[in-house]
Amino acid sequence: MTVRTRYAPSPTGALHIGNVRSGLFAYLFARHNHGAFILRIDDTDELRSTAESLEEILESLRWLGVEWDEGPPDRKYFQSSRFDRYREGALKLLREAKAYPCYCSAEELDAMRKAAEREHRKPGYDGRCRDRTALADLQTVELPDKKAGRNYTIRFRSPREGATVVDDLIKGPAVFENTELDDLIIFRSDGVPTYNFATVLDDFDFGITHVVRGDDHLPNTPRQMQIFYALGLTPPAYAHLPMVMGADGQKLSKRHGATSVFAYRDLGYFPEALLNYLVRLGWSHGDQEIFSLSEMFEYFDFASCGKSAGIFNAEKLLWINFHYMKELPVERIARDVKPFIAKKGWTIPGDDAWLEQMIATLRERAKTLVELVEFASFYLNDEITIDPKAAAKFLKPEIAEALGAVAAELDALGDDFSEAAIQAAFERVLARFNLKLGQLAQPVRVALTGGTVSPGIYEVIAVLGRARTVARLRAAITLATGGT
RNA sequence: GGUCCCAUCGUCUAGUGGUUAGGACACCGGCCUCUCACGUCGGUAACGCGGGUUCGACUCCCGCUGGGAUCACCA
C-alpha cells in the first residue's frame with residue numbers, strides 16, 4: 001500500500017510555525033516512502049475561515065518549498081465542498097442508531113458543565129438525549145437545519161464498554177477507556193458537521209494511510225477511531241508529534257511573538273533555514289545539524305522522532321539562517337535581498353554582478369537579509385552619515401595628509417581597481433608616512449562607511465569603486481581639517 | 001479536577017545494560033587580524049527523586065515529583 005499523508009490546516013489565521021512543522025513531518029514521511037502528500041483545507045467553520053488566511057497558508061507552503069501532490073486549488077479538497085458527503089455519513093449513523101438527535105441548548109450544556117465542575121465530576125456530556133428518540137423515529141429524523149425549525153444537534157453514540165487503543169507510531173500504545181469518551185456532537189444545529197466527524201470521512205475518502213499531526217490531537221483520536229468503526233471503516237495509522245513550546249514552556253502561540261511563517265520570511269530568514277530548524281526540533285539523524293530537503297526525504301522516519309515537547313529556540317534558528325547566509329550561492333542571496341532593499345526605500349542596484357560582489361563582503365557579518373541590508377547602507381547610498389564619535393577619534397588633522405595620499409594613489413590606479421592593486425597602493429602610502437595598516441585603515445574606514453565596523457578595507461574599496469571612494473576620502477579630509 | 005502524553009547540559013539532541021555520557025546553539029577564554037565578523041583551539045554545563053530487576057543501570061519495570069496537552073454546536 002502506498003503511503004498517503006495529509007496536512008489539514010484551517011484557514012482561520014496565519015500559518016503558525018508549530019503547526020507547519022506537523023505538516024512538514026507529514027510531508028517528509030510521504031516523500032520518504034515515495035507516497036503522496038495531500039493538502040486539505042478544513043474550512044467547515046464558515047464564520048472563522050477567510051480567503052486571506054487561505055492565501056497566506058498556500059503562499060507560506062510554496063515559499064517553504066513544501067509541495068502537495070493533491071489539494072488546492074481543486075475544490076474537492078475543501079471541506080466546504082463536501083457537505084453532501086458529511087450529510088450522507090451522518091444520516092447513515094442516524095439510521096443505524098449509531099447517532100441521535102440532542103435537544104439540549106447551548107445554555108443547558110454550559111450549565112451542565114459548570115455543575116459537573118463544581119461537584120468535581122467529569123465535565124463531559126451526560127448522554128441525557130441518548131435514548132430520547134425512539135428507534136423507529138431514528139429512521140425518519142432529518143439532519144438539523146435551524147432555519148427550517150430543526151434546532152437540534154446530532155450526537156455520536158459512543159460505546160460505553162471496552163477500551164480504545166491508539167497504537168501510535170511515535171508514542172506507542174495509549175489506552176482510553178470508552179467510558180471516558182462522551183457522546184460528541186457530529187452535526188451542529190446549523191447543519192454544519194464538526195471537525196471530528198468531517199475529518200474521519202475525509203481521511204477515509206482521500207485514502208489517508210497515516211495521520212501525522214500534533215499530539216494535541218491525541219485525546220481526539222479514540223473518538224475518531226470509534227467513528228471509523230461505527231461507519232464500518234478501518235482507521236488509518238496515527239503518528240502524534242510532540243508539541244512546539246514557547247520559551248515559557250507553554251504551547252507556542254501568537255503571544256510568543258513571531259510565530260508565523262510570514263513573520264520569519266519578512267524578518268529575512270531563508271526557507272531552507274526555517275525548514276532545517278523545524279526538522280531538527282523533535283527529530284534527529286545522529287549528530288547532523290544541517291539538512292537539505294532531499295536529505296530530509298532520505299533520512300526521515302518516525303523512529304528518530306523524539307517523544308517530548310521541544311522549546312522553540314529563536315537563537316538556534318538565527319544560527320542556522322546564518323549558516324545558509326554563508327553557504328547559499330551568492331546569486332540566490334542577491335535575488336532574495338532585493339525586496340528588502342526596496343522595503344528600505346532604496347534603489348535596487350541594476351548590476352547583479354556588483355550586488356553579488358557586495359554581498360560577498362557582507363554575508364559573514366549578517367545573520368538575516370534584514371541585517372544584510374542594514375549593513376549595506378553605505379554601499380547602497382551615496383549619502384553616508386559619519387558617526388561623530390568615530391570621526392572625532394579617527395578623522396583628525398594629522399591623518400589628513402595620508403588620506404590625501406591614499407586618494408591620490410587610488411585615483412591613479414585607473415581601471416585596475418582590484419584588491420591587489422588597492423593593497424599595493426596602501427602599502428606605498430604606509431611606507432611613505434611610516435604608518436601601520438591599522439593607523440590608516442580605521443580613518444579610511446570611517447571616511448568610506450561612516451563607522452568603525454565594516455568588511456575588510458580593501459574589499460570595501462573595491463566594491464565602492466574608484467570614483468565613490470575618492471569622493472568620500474576627499475570629503476573626509478575636509479572634515480578632518482575642520483574645513484567646510 | 002478527569003483522561004492522556006512526556007522527562008539527558010539553559011535550549012535542541014546522540015545514547016537502545018558495561019561510554020572519561022557525545023554533538024549543536026548560547027555563554028566564557030586563547031589564536032588569527034586593518035575594525036567587526038568568519039574561522040580555529042579550548043572551557044563551564046545534564047542523566048528529576050525513590051524503589052525494584054540485574055554481576056552491572058542514563059538505558060528495563062513500578063511509584064513519586066515535575067511539566068505539557070485535552071475535556072466547545074473551534075479545528
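First the proteins, then the strands, lettered A, B, ... as listed; each starts at 1.
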- Task: Apply salt bridge (Lys or Arg N to Asp or Glu O under 4.0 Å) to A:Asp202 and list each qualifying residue two or more places apart in sequence or on a separate chain.
- Result: A:Arg40, A:Arg82
- Note on the structure: What residues 221-228 of chain A contributes to the RNA chain B interface at heavy-atom separation below 4.0 Å is none
- Message: Looking at B:A69 and A:His240: do their rings stack (centroid distance under 5.5 Å, interplanar angle under 30°)?
- Response: no
- Task: If a pair satisfies ring pair (Phe, Tyr, Trp, His ring centres under 6.0 Å) and one of its residues is in residues 154-173 of chain A, list it, with sequence neighbours excluded.
- Result: none
- Message: Taking pairing as Watson-Crick or G-U wobble with both contacts under 3.5 Å, can you name the mate of B:U16, or confirm there isn't one?
- Response: none
- Which of A:Asp183, A:Asn178, A:Asp182 passes side-chain hydrogen bond (donor to acceptor under 3.5 Å, both in side chains) with A:Arg223? Answer is A:Asp182
- Which whole number of Å gives the distance between the P atom of B:U13 and that of B:A21? 22 Å
- Message: So, using salt bridge (Lys or Arg N to Asp or Glu O under 4.0 Å) as the criterion, who are the partners of A:Glu295 when residues are at least two apart?
- Response: none
- Query: Which letter, B, S or -, goes with each nucleotide of nucleotides 35-42 of chain B from 5' to 3', with contact meaning a protein heavy atom under 4.0 Å?
  - Reply: BBBSS---
- Note on the structure: Readout for nucleotides 62-68 of chain B: B = base within 4.0 Å of protein heavy atom, S = sugar-phosphate only, - = neither; 5' to 3' it is ------S
- Message: Considering every strand and a 4.0 Å limit on heavy-atom distances, what is the contact class for A:Pro173: base, sugar-phosphate, or nothing?
- Response: sugar-phosphate
- Query: So what's B:A21 paired with, Watson-Crick or G-U wobble, going by both distances under 3.5 Å?
  - Reply: none
- Could you work out which one of B:C74, B:A26, B:U70 sits closest to the side chain of A:Pro219? B:U70
- Task: Could you check whether A:Asp182 gets within reach of a base, just the sugar-phosphate, or nothing at all, counting any heavy atom under 4.0 Å?
- Result: nothing
- Hey, what's the ring geometry for A:Phe302 with A:His210, parallel, tilted or perpendicular (30° and 60° as the breaks)? tilted
- Contact class for A:Cys305 vs. all strands (heavy atom < 4.0 Å): base, sugar-phosphate, or nothing? nothing
- Query: If we only count heavy atoms from C-beta on, is the A:Tyr379 to A:Leu362 side-chain gap below 4.5 Å?
  - Reply: yes
- Applying the 3.5 Å cut-off to both distances, the Watson-Crick or G-U partner of B:G42 turns out to be B:C28
- Task: Just call it for A:Ser189: base, sugar-phosphate, or nothing, with non-hydrogen atoms closer than 4.0 Å on any strand.
- Result: base
- Message: For A:Arg432, give me all partners under salt bridge (Lys or Arg N to Asp or Glu O under 4.0 Å), at least two apart in sequence or on another chain.
- Response: none
- Query: So what does A:Arg113 hit on the nucleic acid, given a heavy-atom distance under 4.0 Å: a base, only sugar-phosphate, or nothing?
  - Reply: sugar-phosphate
- Query: In Å and rounded to the nearest 0.5 Å, what is the OH to CD1 distance from A:Tyr100 to A:Ile154?
  - Reply: 10.0 Å
- B:G23, B:C25, B:C6: which one has an atom nearest the side-chain heavy atoms of A:Lys171? B:C6
- Message: Set out, in order, the CA-CA distance, both residues' side-chain angles and the distance that settles side-chain hydrogen bond (donor to acceptor under 3.5 Å, both in side chains) for A:Ser22 and A:Arg213, then state yes or no.
- Response: CA-CA 5 Å; A:Ser22 303; A:Arg213 66 202 344 178; over 6 Å; no
Only pairs under 3.5 Å count here: list side-chain donor-acceptor contacts from residues 165-176 of chain A, not counting sequence neighbours, and write none if there are none.
unit_1   : atom_1 : unit_2   : atom_2 : d
A:Asp168 : OD1    : A:His240 : N      : 2.9
A:Asp168 : OD1    : A:His240 : ND1    : 2.7
A:Asp168 : OD2    : A:Ile170 : N      : 2.8
A:Asp168 : OD2    : A:Lys171 : N      : 2.8
A:Asp168 : OD2    : A:His240 : N      : 3.2
A:Lys171 : NZ     : A:Asp215 : OD2    : 2.7
A:Lys171 : NZ     : A:Lys307 : O      : 3.0

- Query: Taking the side chain of A:Leu218 as heavy atoms from C-beta outward, which of B:U3, B:C5, B:G23 is closest to it?
  - Reply: B:C5
- Message: Could you check whether any side-chain heavy atom of A:Leu184 comes within less than 4.5 Å of a side-chain heavy atom of A:Tyr125, counting everything from C-beta outward?
- Response: no
- Item | salt bridge (Lys or Arg N to Asp or Glu O under 4.0 Å) against A:Asp301, all qualifying residues, sequence neighbours excluded | none
- Carefully, step by step, assess A:Glu371 and A:Arg363 under the rule salt bridge (Lys or Arg N to Asp or Glu O under 4.0 Å). CA-CA 10 Å; A:Glu371 276 185 23; A:Arg363 69 195 315 192; over 6 Å; no
- By the Watson-Crick or G-U definition, both distances under 3.5 Å, B:C64 is matched with B:G48
- Item | NE2 on A:His256 to CD1 on A:Ile311, rounded to 0.5 Å | 9.5 Å
- Message: Under a 3.5 Å cut-off for both contacts, is B:U59 paired Watson-Crick or G-U wobble with anything, and if yes, with which nucleotide?
- Response: none
- Would you sort out whether A:Lys367 and A:Met325 count as a side chain to side chain contact (heavy atoms under 4.5 Å, CB included), showing the intermediate values? CA-CA 7 Å; A:Lys367 290 179 168 30; A:Met325 184 70 87; over 6 Å; no
- Task: Using a 4.0 Å heavy-atom cut-off across all strands, classify A:Phe187 as base, sugar-phosphate, or nothing.
- Result: nothing
- Modelled atom types, side-chain donor and acceptor of A:Thr368 and A:Asn321, under 3.5 Å: no
- Applying a 3.5 Å limit to both distances, which nucleotide forms a Watson-Crick or G-U wobble pair with B:C34? none
- Closest-nucleotide 5' rank along RNA chain B - winner of A:Ser284 and A:Thr194: A:Ser284
- Message: Check the orientation of A:Tyr195 and A:His217. Use parallel for under 30°, tilted for 30 to 60°, and perpendicular for over 60°.
- Response: tilted
- Counting only non-hydrogen atoms, which of residues 41-49 of chain A are less than 4.0 Å from RNA chain B? A:Asp42, A:Thr44, A:Asp45, A:Arg48
- Query: Using purine N1 to pyrimidine N3 plus N6-O4 or O6-N4 for Watson-Crick, or N1-O2 and O6-N3 for G-U wobble, each under 3.5 Å, what pairs with B:A75?
  - Reply: none
- Give A:Val175 one of three labels, base, sugar-phosphate or nothing, depending on what nucleic acid heavy atoms sit under 4.0 Å from its own. sugar-phosphate
- Message: Testing the basics here: between A:Val141 and A:Pro101, what is the closest heavy-atom pair and its distance to 0.1 Å?
- Response: CG2-CG, 4.1 Å
- Query: If you look at every strand shown and take non-hydrogen atoms under 4.0 Å, does A:Glu180 touch a base, only sugar-phosphate, or nothing?
  - Reply: sugar-phosphate
- Task: Supply the atom-to-atom distance A:Leu39 CG to A:Tyr27 OH, rounded to the nearest 0.5 angstrom.
- Result: 12.0 Å
- Query: Which class fits the ring pair A:Tyr299 and A:His285: parallel under 30°, tilted 30 to 60°, perpendicular over 60°?
  - Reply: parallel
- In the structure shown, which nucleotide is the Watson-Crick or G-U wobble counterpart of B:G2, with both distances under 3.5 Å? B:U70
- C1' atom, B:C58 versus B:A46: distance in rounded Å? 10 Å
- Listed nucleotide nearest any side-chain atom of A:Arg155, set B:C34, B:C73, B:G23: B:C73
- Could you pull out the closest heavy-atom pair between A:Pro123 and A:Arg113, with the gap in Å? O-CG, 3.3 Å
Between the protein and nucleotides 29-32 of chain B, which nitrogen or oxygen pairs come in under 3.5 angstrom?
none

- Please list, by residue number, the residues of residues 269-282 of chain A whose heavy atoms come closer than 4.0 Å to an atom of RNA chain B; answer none if no residue qualifies. A:Arg280, A:Leu281, A:Gly282
- Message: Rounded to whole Å, please give me the gap between OH in A:Tyr238 and P in B:A69.
- Response: 22 Å
- Item | Span that lies between the C1' atom of B:A57 and that of B:C62, in whole angstrom | 15 Å
